[in-house]
Protein chains: 2
Amino acid sequence: MNVEIAARQLEALGNVTRLEVYRTLVRSGPDGLAVGHLQQRLGVAASTLSHHLKYLVDRGLITQERQATTLICRAEYPAMNALIGFLADECCADTRLAGAPALPAGARK
Amino acid sequence: MNVEIAARQLEALGNVTRLEVYRTLVRSGPDGLAVGHLQQRLGVAASTLSHHLKYLVDRGLITQERQATTLICRAEYPAMNALIGFLADECCADTRLAGAPALPAGARK
DNA sequence: ATGGTATTTTTATGAATGTCGAAATAGCGG
DNA sequence: CCGCTATTTCGACATTCATAAAAATACCAT
């Protein structure tokens, strides 16, 4: 994980529609959700949704698998884990794990 | 923390220049860094930097404090913590804390 | 006040985004 | 093969973004 990749993934999540899509997929668990179901649930135009899904696939945040005519979308959990890891390690203090303060300049990497 | 705010903050970090700025500030610790130092270190035009800093302040990711002629910028750690918390809780499995699998659909909220 | 350094605002411009309807494609079921 | 459903591609459009030079502002030191 480097800054460029992280930025691209953060950017992908930095749009309400896409973030909702992604969140919905994550919460749907490993079974994923068909594009059509996503479309119904989020109420966005199919073409817009398709556009955003491509975006998310491109950046490795979700995967798609054909099942007959429908396309199943799934969150790519390792990607999110890596991204959170980047934010926590490269950028941030651990937080929520403990009350540890931010690491001082140059303490890592 | 809601989806709109999270998306705005993620978007703010979803640009290489801003992510570098932010990362630099986080790693500079609580003392922060002057705009000028950031500018020198990152080699971006002052006006561009100022633009991005405003962006980050707007979204609550950093704060600024005047000290004589120089403006000290600091990462707003709680904001990042909340954002990571959102990603972990609302969106994602915990990861890195344990090997726990993603929460199944509807397990939360 | 004057000069100097630090930072922002203004202004400009090219590029990318977000959105959607309409048309095109893909692939099953019969 | 045909029709049907699912999804994508193709314009089109308005909006926002990223960048930076130039001018303006802020504030200290003298």
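As the structure is a computational prediction, the values presented were derived from the model and not from experiment.
With sequence neighbours left out, Asp31(A) forms a side-chain contact (heavy atoms from CB on, under 4.5 Å) with no residue at all.
For Thr70(B) and Tyr55(A), each mapped to the nucleotide of DNA chain C holding its nearest heavy atom, the one lying further toward the 5' end belongs to Thr70(B).
If you take NZ of Lys54(A) and P of dC10(D), they are 8 Å apart, rounded to a whole angstrom. The CD atom of Gln39(B) sits 13 Å away from the C1' atom of dT5(C) (whole-angstrom rounding). Counting to the nearest Å, the P atom of dT9(C) and the CG atom of Asp58(B) are 11 Å from each other. Between the CG atom of Leu53(A) and the P atom of dC20(C) there is a distance of 14 Å, given to the nearest Å. Rounded to whole Å, the distance from CD on Gln64(A) to C1' on dA6(D) is 12 Å. Regarding Arg18(B), its CZ atom lies at a distance of 15 Å from the P atom of dT16(D), rounded to whole Å. Rounded to an integer number of Å, the gap from Leu49(A) CG to dT7(D) P is 9 Å. The separation between His52(A) atom NE2 and dT7(D) atom P is 17 Å, rounded to whole Å.
Using a 4.0 Å heavy-atom distance criterion, His51(B) is classed as a base contact. In this structure, Glu11(B) reaches the sugar-phosphate backbone alone: every heavy-atom distance under 4.0 Å involves primed, P, OP1 or OP2 atoms, never a base. Ala45(A) comes within contact range of the sugar-phosphate backbone alone, with a heavy-atom separation under 4.0 Å but no base atom that close.
Residue Thr48(A) places none of its side-chain N or O atoms closer than 4.0 Å to OP1 or OP2 of dG18(C).
Over its full length, the helix from dA1(C)-dT30(D) to dG30(C)-dC1(D) turns its helical axis through 20°, comparing axes from the five pairs at each end and rounding to 10°.
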Encode nucleotides 22-30 of chain D as B, S and - characters from 5' to 3', where the letter depends on protein heavy atoms closer than 4.0 Å: B to the base, S only to sugar-phosphate, - to neither. B----BS--
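Between the side chain of Gln39(A) and the backbone N or O of Val44(A) there is at least one donor-acceptor pair closer than 3.5 Å. Distance alone, capped at 3.5 Å, is enough to place a donor-acceptor pair between the Thr24(B) side chain and the Glu20(B) backbone.
Taking each heavy atom of Ala79(A) and Gly60(A) in turn, the nearest pair found is CB-O, 3.2 Å. Across all their heavy atoms, Arg59(A) and Ala12(A) have their closest contact at CD-CB, 3.4 Å.
Residue Asn15(B) has its side chain nearest to dT19(D) when only dT8(D), dT19(D), dT9(C) are considered.
Here the options are Leu13(A), Thr17(A), Leu19(A), the test is side-chain contact (heavy atoms from CB on, under 4.5 Å), and the partner is Asn15(A); only Thr17(A) passes.
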